[in-house]
J.: 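First, the structure itself, so that you have it in front of you.
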Amino acid sequence: MITVKDWGLVRFLEVLSSKRSIRGLIYACAVTFFFALILFPPILGILLKWNLIGQIFENPALMSRATSAIYASFAIALFVSIIDIIAGLPMAWFIWRRKSKWLDALDTLADIPFIVPTVALGFSIGLFWSDETQGISSLFGASLVSPGWLLIILVHFVFSYPAVVRVMVGALFDYERTYEEASKTLGAAPVTADRTVTFPILKLSFIAAFTLAFARSISETGATVIAAGTFENGPVLLNNLRTSQELGYESALVFVSFILIAVSCIIYATIRILGPKLKIPVRKVWPVAERKLSSHGLTNLRNISTLLVFFVLILIPSLFVALPTVNAVLNGTLNQALSSTGIWQGYWQSISLSYGIAFVATLLNTIVGLPMAVLIARKRLGGLPSTVLDVLVNIPMIVPSIALGVSLSIFWSNFPFVPEIGLLLFAHLAITYPYFVRSMSAAIERVDMDLEEASKTLGAKPFTVFRTIILPLTKYSLFAGAIMMFTRSVGETGATVAVVSKLKTVPVLLVEWIKQTGLATPMEIGLGCGFLIILSFIILLILRGTVRGRH
Amino acid sequence: MPEVRLENVTKKYGKIVAVENVSLQVHDKEYFSLIGPSGCGKTTLLRLIAGLVQPSEGKIFIKNKLVTNIPPENREIGFVFQTYALFPHMDVWNNVTYGPRVKAWDKEKSNRIGDEMLEMVLLRDRLNAYPRELSGGMMQRVALARALAAGAKLLLLDEPLGALDAKIRFELRYDVRKLVKDLGLTAIHVTHDQSEAMAISDRIAVMKKGRILQVGTPQELYMKPQHIFVANFIGESNFLEGYVSKVAQKEITIELRGGILVQALDHKRKREEKVAVAVRPEILMIEKGKKRKENSIFGKIEKRRFEGTSIRYEIRLENGDLMVSVRPALIEKWLDVQEKVTVSFPIERTLIFTYPKKGLKEELALE
Ligand SMILES: Nc1ncnc2c1ncn2[C@@H]1O[C@H](COP(=O)(O)OP(=O)(O)OP(=O)(O)O)[C@@H](O)[C@H]1O
Ligand SMILES: [Mg+2]
């Protein structure tokens, strides 16, 4: 229940909000914040170093490394997103049609790889597939999948799959079952009904899921670096260039970042424009074949293989890190960790840095993202500008994060008074911003305009409308969006390594532990990842709890 | 007091002109209805008065005060939405007392008003129910109570009964009117149901394509429609095409197709003017055989339909035109299909309109 408390601040804001100029000022601040801190630095930075780009053309070796890395990035992203859709669709289906209690648990499990920082995932998956002494490779006495492109694909599949499933489950729940039922009463077999009715209606959500998977794969750095071995895709190359600082590296850095950013934006624009025009074949039907495909046996087979893929390729490898973690608990590493001796002192510092930055970034973005979400959802600036904003907001998400970081650090190097922690914060603000504004603007859009207008005609000032109508009706999305930002910030590696030199967030520290042999034992790394995963679990449970409150 | 005045108000959405140059005066304590076909701009007009949208041109006055710069929250209006727009996250009590709370009235007063309003709409026992737990009729009453609890003296109702089934709709419409009258409010009621508007309004404005065609009491609109569209939209009319052939002191003579002559009381017409003769089906008498009397035409019954309380005849006239007659089912003897008949209608009830340039069909079309 909402009561108007005689709370000074609320009253004050209400009075302020009835002044058009003040409302304009708030929106103006939100838009300025977006352009000045979120959108421009990652784009302008690269352009500032434009003059360096020429150098790479005089260095054929570096050039060919750069082009094949860029090519690898897009090839892997494309492949992974397609596999995601193929494997994710039956899973989303399965969850949507849940008939038993345990599927609820499955639903929760499917979110794990989404919430766990990718570095921990990468380490865990690496252990499972390629460590000769543990995991399934130990059964063969040799590494089953050695670090390289295949391992990268496995890792990318794991962390992008849940996002795809989540988006599709959401779309399926919003979808009116009646259409499908209508199709069935007209005589269509289930597979036919889905293909000709359900899929076309949900097409836009599938496209959104594909875009999300693609962007995540292009962008991911932490786990990719771990899984890459000597193989290089875009983010790995950028990371290697940064650490090695070989001759002419700056030029290659700018070149690769530029190409990655530009191509990502072009692909995103293409998907956005062409996606809605994409046609799913609905005219043709193959009654006999599709009836067979819908048969009980085949349906069961499909469900079983879906679950098999999920457990063998995703869940078990993701949680495999539990093995060294348990070892670490048994052999006393835990005590060292808890007493913060040796490398653990740095670990706990990194943990507090990571969570501190995540907290501040989440808080700031929530405050400045809300007016932006309202602007976009309610088209306060008119149709076209709002659509443009809606598109621009996505850019930090689709741009590879390490390229974003490189550009960002170039940009801010012109302002030497900005401390390193400031850079870190800016990078995290930029990376997480789209996740919040997107989900929040979608949620606000779902609030019926009539409710807002009813509230106005009953005498509510603009801020009162926001506080008593919009906020309560979108609070779950707000909370979910905030947690999403928080987990993305904690797990972020790419942009972070690009902007910091001394400060180490947890993912950066763990990458260092893993990549530099002798720094930490596998058990210590396992425990380091274990703590992160447990913290993520707690967050996941909170998230589930709030989302459940909605039904 | 809350009288509403519109002066040359126009509202455009890009190229679409939703409301075009409307001037209108609604008196204090009047029950006023806006009717017209779907998409004619009724909702837009109501939203303009509420301040939910701003006019592109023109001025709106409430209580003789120009309200252009007053936002809806300060206009002291009550708005009942077609979809009710009850807040789904609040129960009945919190919905109804929302206005007093956001206006920060003192708690005692808010509670008293909430009680009174719920009492009035007979929902005291449902105050803890959420909107999704209520029936359509209950939701409608909550919406009404909520609008009134905010202290509105001007009530704007956008198809408030539109979502209800016919029977409840019929009962509630009188309740709404009674409430408005008992509380001494001014009401502007939007509907596309002409019988609803006729039954409860003091005055009605008929709209078409963003314009107001005629404003008048229900009787005026029925007896003296000033526009051919109104003659067809309020009630029903037969239209016959013809030319003015003779203008006398009192009445004029019109020559219909096939040389048939009829007369009407209308002195504004000129000779040779092309006109449409309008005759309501309920005044069109039918008799067996050929009879000669004022304004009579021969014809043959082509169709007969029993409509529950009345009979509807379609008569093909000797000149090929078609006319409809509606007769009470229990009073008169039923005539058979194919029967040769004479139809007739009184001179003083015969309406004459200038024949529309765009053609009759186009002019009467609802879109
Ligand atoms: N926000 C808007 N943007 C663009 N066009 C609009 C908007 N609101 C209304 N219109 C257009 O203005 C015209 C009048 O609409 P309005 O809703 O006022 O009609 P109405 O008489 O209330 O119709 P109905 O009986 O169907 O409710 C329509 O052509 C409609 O498409
Ligand atoms: Mg309407």
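Quick note on labels: first sequence line is chain A, next is B, and so on, each numbered from 1.
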J.: Just wondering, do B/Tyr98 and A/Thr468 contact through their side chains at under 4.5 Å, heavy atoms?
T.: yes
J.: What's the spacing between A/Leu451 CG and B/Phe87 CZ if we round to 0.5 Å?
T.: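 Here the interatomic distance stands at 6.5 Å.
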J.: Roughly how far, to the nearest 0.5 Å, is the CG atom of A/Leu458 from the OG1 atom of B/Thr97?
T.: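 Reported to 0.5 Å precision, the distance equals 10.5 Å.
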J.: For B/Leu86, which atoms come within 4.5 Å of any heavy atom of chain A: side chain, backbone, both, or neither?
T.: backbone
J.: Between B/Val102 and A/Lys456, is the side-chain contact (heavy atoms from CB on, under 4.5 Å) condition met? List the steps.
T.: CA-CA 10 Å; B/Val102 298; A/Lys456 273 190 218 162; over 6 Å; no
J.: Take atom CZ in A/Arg438; do more than 12 heavy atoms of anything else shown fall under 6.0 Å from it?
T.: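 Open.
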J.: Which one, B/Gly151, B/Ala50, B/Ala147, B/Pro88, leads in non-hydrogen pairs under 4.5 Å with chain A?
T.: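 Highest number of pairs under 4.5 Å: B/Pro88.
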J.: For atom CD of B/Glu76, decide whether the heavy atoms of other residues, nucleotides or ligands shown that lie under 6.0 angstrom number more than 12.
T.: no
J.: Check whether any side-chain heavy atom of A/Glu453 lies under 4.5 Å from a side-chain heavy atom of B/Phe79, and answer yes or no.
T.: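 SC-SC contact between A/Glu453 and B/Phe79 ruled out.
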J.: Sort B/Arg47 into side chain, backbone, both or neither according to what part of it lies under 4.5 angstrom from a heavy atom of chain A.
T.: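 It is the side chain, since no backbone atom gets that close.
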J.: Could you give the distance from OG1 (A/Thr457) to CD1 (B/Ile77), rounded to the nearest 0.5 Å?
T.: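 Between atom OG1 of A/Thr457 and atom CD1 of B/Ile77 there are 5.5 Å.
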J.: Would the number of heavy atoms belonging to other residues, nucleotides or ligands and lying under 6.0 Å from NZ of A/Lys475 be above 12?
T.: no
J.: Above 12 or not: heavy atoms from other molecules or residues under 6.0 Å from CZ of A/Phe359?
T.: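 No.
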J.: Would you mind reporting whether A/Ser455 and B/Glu73 have side-chain heavy atoms less than 4.5 Å apart?
T.: no
J.: Taking only heavy atoms into account, what residues of residues 112-145 of chain B are found under 4.5 Å from chain A?
T.: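 Answer by number: none.
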J.: Ignoring hydrogens, what is the shortest heavy-atom contact between A/Lys461 and B/Asn74? Give both atom names and the distance.
T.: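 For A/Lys461 and B/Asn74, the tightest heavy-atom pair comes out as NZ-OD1, 3.9 Å.
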J.: Taking all non-hydrogen atoms of both residues into account, name the closest pair between B/Lys103 and A/Gly459 and its distance.
T.: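 Scanning both residues completely, I find the closest heavy atoms to be CE-CA, 3.8 Å.
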J.: If you count every heavy atom of other residues, nucleotides or ligands that lies below 6.0 Å from B/Lys59 atom NZ, does the total exceed 12?
T.: no
